[in-house]
Amino acid sequence: MLFQCGVNVRRIRGDRMIGPDDFITSTVWIKKENSYYLCLKNSIYPNGKAYRITYVTMDPLFFSLCKWSKIVFEFKKPREILYFEIESKRLAYVFCRTMRDIMIGKNVIIDTNQNPDALHANNAAIDNFDLNATELKVVDNFDNRILNMKCLSTLVLEDCKSLVLPEEIGHLPIKSLNISGSEMPTSQHAKDIYWNWTSKPTISGTLTTLKMDSIGLTRLPFEILYMKNLQTLSINNNQLEYLPHFIGELAYLKNLFVADNMLVYFPHCLSFGTIAEIDIIYNCFHSTELYDHLITYKENIKEPTDFKLLKHIAFFNLMDNLPQLKRQDIPRSLWEYFNYVGRCTICWRWTLPDYCNITCIKFWPLGEKTNMALHLFDEGPTWQLMNCTDKNDCEAHEK
């Protein structure tokens with residue numbers, strides 16, 4: 001069975017559905033490779049996307065929509081809802097009946113010729129890679145042809161295996177980038193060069209939305225500082241124990257989604273920013289054993305004072321100017337400091353734990369739309385502050 005129809009795909013995040021409202025003209029078919037799969041191909045999925053039919057939820061209510069030539073399927077893996085608009089009512093019923101027969105275990109015969117790759121050349125336009133497209137969604141693997149899409153503004157690279165973003169992707173005018181669910185590289189070299197694309201002037205000026213949900217992040221990459229126009233940052237369902245204070249440098253950040261991590265506090269710089277919507281549910285703000293990476297650093301640092309001071313002066317100069325360099329262009333000894341640097345809440349100079357007092361307080365101010373656990377509503381989450389140790393020097397600089 002193969003036919004064309006309008007398809008809308010939405011992801012399920014908790015109790016929310018995320019995705020555009022538009023229906024995209026798509027080719028839809030069912031194939032069998034040990035198991036049965038529902039497949040679709042369109043401008044968002046030029047390489048096709050397959051859904052294992054055993055993961056579909058067959059709600060009787062969905063079948064009642066067939067009389068209006070509409071079909072809805074909810075999949076457990078990936079957690080997505082697919083909406084179909086089919087011109088033929090008869091085809092809609094045949095499609096639903098076939099899906100139901102597969103679900104109850106019937107051996108449905110699938111014609112192997114009914115596959116877009118087997119179509120006559122006159123009907124094979126769906127396989128063309130449109131280099132002028134402005135939106136693209138790729139699953140499983142990165143396609144190097146993407147680098148030739150000079151008009152690309154929305155790129156979705158979900159659930160890709162061992163995803164490596166080439167440096168050249170930074171030359172594309174991408175406004176929205178989504179790498180959620182993809183596997184990060186494991187080799188040290190690949191990790192060291194992974195964020196090199198951020199240093200390119202084009203993407204650092206155009207990117208406004210960055211989604212990195214469920215990719216196993218343990219630290220927020222410091223290269224995010226280059227994304228000077230970033231408005232939406234989504235890092236849900238990772239392994240973050242803290243947000244670095246440098247996140248306050250993202251002057252246009254309006255939407256911050258950090259649900260389902262291991263955060264125990266928020267950097268104070270976010271309490272008076274421009275953030276309008278924030279999601280911090282399922283974190284560890286209620287923990288009685290607060291993990292504080294700044295204090296841990298302060299206790300464990302063993303470098304000689306003079307040598308340490310020289311490195312810190314170099315680092316503060318780097319933060320003040322922030323040249324768009326690749327990570328390899330910065331001495332490795334300075335990489336770690338990005339995790340600990342912050343601004344004094346009084347004089348607003350850059351500081352490190354060596355030169356400041358670190359305090360934590362609880363209060364409520366957050367975004368206009370805030371999703372947090374019920375136990376936080378009375379006193380709010382924990383906020384971390386950095387203040388210069390030398391108050392006289394700090395106050396003099398403030399004046």
Side-chain angles (χ1 to χ4, degrees), residues 184 188 191-192 194-195 212 215-225 233 235-250 253 256-271 273 275 278-303 305 307-309 311-312 314-316 318-319 322 327 330-346 348-363 366 372-373 376 380-389:
M184 302 289 284
Q188 188 59 51
K191 292 178 181 178
D192 288 349
Y194 190 87
W195 306 102
M212 302 188 292
I215 63 172
L217 275 182
T218 57
R219 292 183 177 180
L220 198 64
F222 63 76
E223 287 88 346
I224 202 172
L225 281 167
L233 176 62
I235 42 179
N236 296 317
N237 192 30
N238 281 292
Q239 302 167 30
L240 299 171
E241 293 182 331
Y242 64 90
L243 287 179
H245 283 247
F246 68 65
I247 196 173
E249 301 302 296
L250 301 175
L253 190 64
L256 179 60
F257 306 110
V258 291
D260 199 10
N261 278 279
M262 297 181 287
L263 302 180
V264 294
Y265 61 80
F266 255 51
H268 183 259
C269 56
L270 291 177
S271 65
I275 296 180
I278 191 167
D279 189 348
I280 60 172
I281 199 168
Y282 304 132
N283 276 283
C284 302
F285 293 103
H286 64 286
S287 175
T288 56
E289 298 181 4
L290 295 183
Y291 167 78
D292 195 320
H293 73 296
L294 297 185
I295 294 177
T296 301
Y297 161 84
K298 197 170 184 177
E299 293 174 346
N300 295 337
I301 195 70
K302 303 297 183 183
E303 289 183 336
T305 303
F307 180 67
K308 178 173 65 176
L309 181 60
K311 285 206 304 183
H312 291 176
F315 181 69
F316 292 146
L318 177 65
M319 291 300 298
L322 201 64
R327 182 175 288 223
I330 305 171
R332 185 179 286 269
S333 59
L334 299 185
W335 293 7
E336 190 74 7
Y337 290 131
F338 283 97
N339 297 301
Y340 310 114
V341 72
R343 291 189 182 274
C344 170
T345 57
I346 298 175
W348 209 239
R349 283 185 299 177
W350 287 112
T351 186
L352 283 164
D354 309 72
Y355 316 104
C356 75
N357 294 318
I358 302 162
T359 57
C360 292
I361 59 176
K362 287 182 177 290
F363 63 98
L366 283 169
M372 65 168 68
L376 296 177
T382 304
W383 299 82
Q384 187 180 63
L385 297 81
M386 301 175 74
N387 292 322
C388 294
T389 304

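All values below were derived from every heavy atom in this structure, side-chain atoms included, with hydrogens, water molecules and symmetry-related copies excluded.
- Between the CG atom of D279 and the CD1 atom of I235 there is a distance of 11.0 Å, given to the nearest 0.5 Å.
- Put simply, the side chain of N238 gets close to the backbone of N236: a donor and an acceptor are under 3.5 Å apart.
- Considering only heavy atoms from C-beta on, C388 stays 4.5 Å or farther from I346 through its side chain.
- In this structure, F316 places its CZ atom where more than 12 heavy-atom neighbours from other residues, nucleotides or ligands lie under 6.0 Å away.
- Proximity of a side-chain donor or acceptor of T351 to a complementary backbone N or O of G342 within less than 3.5 Å is not detected.
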Intermediate values then yes/no, side-chain contact (heavy atoms from CB on, under 4.5 Å), Y297 and D354
CA-CA 9 Å; Y297 161 84; D354 309 72; 3.0 Å; yes

Evaluate the criterion side-chain contact (heavy atoms from CB on, under 4.5 Å) for residue pair D292 and C360; output intermediate values, then yes/no.
CA-CA 10 Å; D292 195 320; C360 292; 4.2 Å; yes

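- Atom CE of M319 and atom CG of L334 lie 11.0 Å apart (nearest 0.5 Å).
- The line from CD1 of I275 to CG of L256 is 5.0 Å long, rounded to the nearest 0.5 Å.
- Looking at heavy atoms from C-beta onward, L270 lies in side-chain contact with W383 at the 4.5 angstrom threshold.
- For the atom pair CG of L309 and OH of Y355, the computed distance is 4.5 Å after rounding to the nearest 0.5 Å.
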Would you check, one step at a time, whether the test side-chain contact (heavy atoms from CB on, under 4.5 Å) holds for F266 with N283?
CA-CA 11 Å; F266 255 51; N283 276 283; over 6 Å; no

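- Looking only at distances, a side-chain donor or acceptor of N261 sits under 3.5 Å from a matching main-chain atom of L240.
- A salt bridge links R219 to E336: one of the charged nitrogens lies within less than 4.0 Å of a carboxylate oxygen.
- The backbone N or O of R343 lies less than 3.5 Å from no partner atom in the side chain of W348, so there is not a single donor-acceptor pair.
- Note: L233 CG to L253 CG = 6.0 Å, rounded to the nearest 0.5 Å.
- Atom CZ of residue R349 and atom SG of residue C356 lie 12.0 Å apart, to the nearest 0.5 angstrom.
- Relative ring orientation between Y265 and H245 is described as tilted, the plane-to-plane angle lying within the 30° to 60° band.
- Of the possible donor and acceptor atoms, none in the side chain of W195 sits under 3.5 Å from a partner among the backbone N and O of R327.
- Residues P267 and Q384 form no side-chain contact, since every pair of their non-hydrogen atoms from C-beta on lies 4.5 Å or further apart.
- When side chains are defined from C-beta on, L263 does not count as touching I280, because their heavy atoms never get closer than 4.5 Å.
- No option in Y337, F222, F246 other than Y337 meets the ring-ring contact (aromatic ring centres under 6.0 Å, His included) test with F315.
- In this structure D260 satisfies the salt bridge (charged side-chain N to carboxylate O under 4.0 Å, His left out) test with no other residue, sequence neighbours excluded.
- Residues N387 and C344 meet the side-chain proximity criterion, which asks for heavy atoms closer than 4.5 Å.
- Residues L318 and F338 are in side-chain contact: their nearest non-hydrogen atoms beyond the backbone lie under 4.5 Å apart.
- One N or O on the side chain of H293 and one on the backbone of N339 form a donor-acceptor pair closer than 3.5 Å.
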